[in-house]
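Beneath this line is the structure, given in structure tokens, with notes to follow.
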Amino acid sequence: MKIAAVSDDGLRISQHFGRAPYYVVLTIEEGQIVDKEIRAKAGHHTFAAHQPPKLAPGERHGYDDGAQVRHANMAETIKDCQVLLAGGMGWGAYESMKSYGIEPIVTDVEGIYEAVRLYLKGKLPNLMERLH
């Protein structure tokens with residue numbers, strides 16, 4: 001199993017999926033982390049020319065024209081992962097990751113290794129209220 005976490009520094013889970021420049025990908029075998037790699041991640045910095053539209057009250061982030069293409073680009077890098085950990089993300093990205101077979105979990109646990117440990121024990125909170 002592979003678990004990806006969005007990160008700004010390689011140690012902590014980023015608070016925003018779209019802004020994080022890296023994925024930390026951990027390979028899990030028999031409940032133990034056996035490999036770690038850092039992968040560059042497309043995101044807001046990659047798509048700088050694109051300015052998302054202002055949202056009207058009640059609209060959700062990540063459904064504008066081109067969002068699915070951007071999400072596909074972000075998912076391509078972790079297509080071998082089963083789980084994605086983030087501190088926050090838009091609904092569009094969340095639903096896109098699910099459509100690619102990647103389970104997104106939005107959590108307030110900051111440390112990547114702590115979050116993975118809790119996930120493996122079935123105790124990592126998935127805080128849907130952090131979706132925007």
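- Within the structure, salt bridge (Lys or Arg N to Asp or Glu O under 4.0 Å) pairs that include any residue of residues 118-129 do not occur (at least two apart or interchain).
- Taking Ser7 as the reference, Asp9 meet the side-chain hydrogen bond (donor to acceptor under 3.5 Å, both in side chains) condition, with sequence neighbours excluded.
- To the nearest 0.5 Å, atom CD1 of residue Ile3 and atom CD1 of residue Ile102 are 12.5 Å apart.
- Applying the side chain to side chain contact (heavy atoms under 4.5 Å, CB included) criterion to Asn126, with sequence neighbours excluded, gives Tyr94, Ile105, Val106, Met128.
- In this structure Lys98 satisfies the side-chain hydrogen bond (donor to acceptor under 3.5 Å, both in side chains) test with no other residue, sequence neighbours excluded.
- When all heavy atoms are compared, the tightest approach of Cys81 to Arg39 is SG-NH1, 4.4 Å.
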Please report, to 0.1 Å, the donor-acceptor pairs under 3.5 Å made by any side chain of residues 24-36, with sequence neighbours excluded.
none

Identify each donor-acceptor pair in which a side-chain atom of residues 111-119 lies under 3.5 Å from a protein atom, sequence neighbours left out, and give them as a table.
{"unit_1": "Glu114", "atom_1": "OE1", "unit_2": "Arg117", "atom_2": "NE", "d": "3.1"}
{"unit_1": "Glu114", "atom_1": "OE1", "unit_2": "Arg117", "atom_2": "NH2", "d": "3.2"}
{"unit_1": "Glu114", "atom_1": "OE2", "unit_2": "Arg117", "atom_2": "NH2", "d": "2.6"}
{"unit_1": "Tyr119", "atom_1": "OH", "unit_2": "Glu103", "atom_2": "OE1", "d": "3.1"}

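- Residues Leu11 and Val109 do not share a hydrophobic cluster, clusters being chains of Ile/Leu/Val/Met/Phe/Trp/Tyr side chains in contact below 4.5 Å.
- Every side chain to side chain contact (heavy atoms under 4.5 Å, CB included) that Gln82 has, sequence neighbours left out, goes to Met1, Lys2.
- Residues Val6 and Tyr22 form no side-chain contact, since every pair of their non-hydrogen atoms from C-beta on lies 4.5 Å or further apart.
- Scored by the salt bridge (charged side-chain N to carboxylate O under 4.0 Å, His left out) test, Asp8 finds no partners at all (sequence neighbours excluded).
- With hydrogens and angles ignored, the 3.5 Å screen pairs a side-chain donor or acceptor of Ser99 with a backbone N or O of Ser96.
- Contact between Pro125 and Asp108 at its shortest, heavy atoms only, is CG-OD1, 3.8 Å.
- Within the 3.5 Å criterion, the main-chain N or O of Glu76 finds no donor-acceptor partner in the side chain of Tyr100.
- The shortest distance between side-chain heavy atoms of Lys41 and Phe17 falls below 4.5 Å.
- When all heavy atoms of Pro104 and Met97 are compared, the closest pair comes out as CG-CB, 4.2 Å.
- Put simply, the side chain of Met89 reaches to within 4.5 Å of the side chain of Leu84, judged on heavy atoms.
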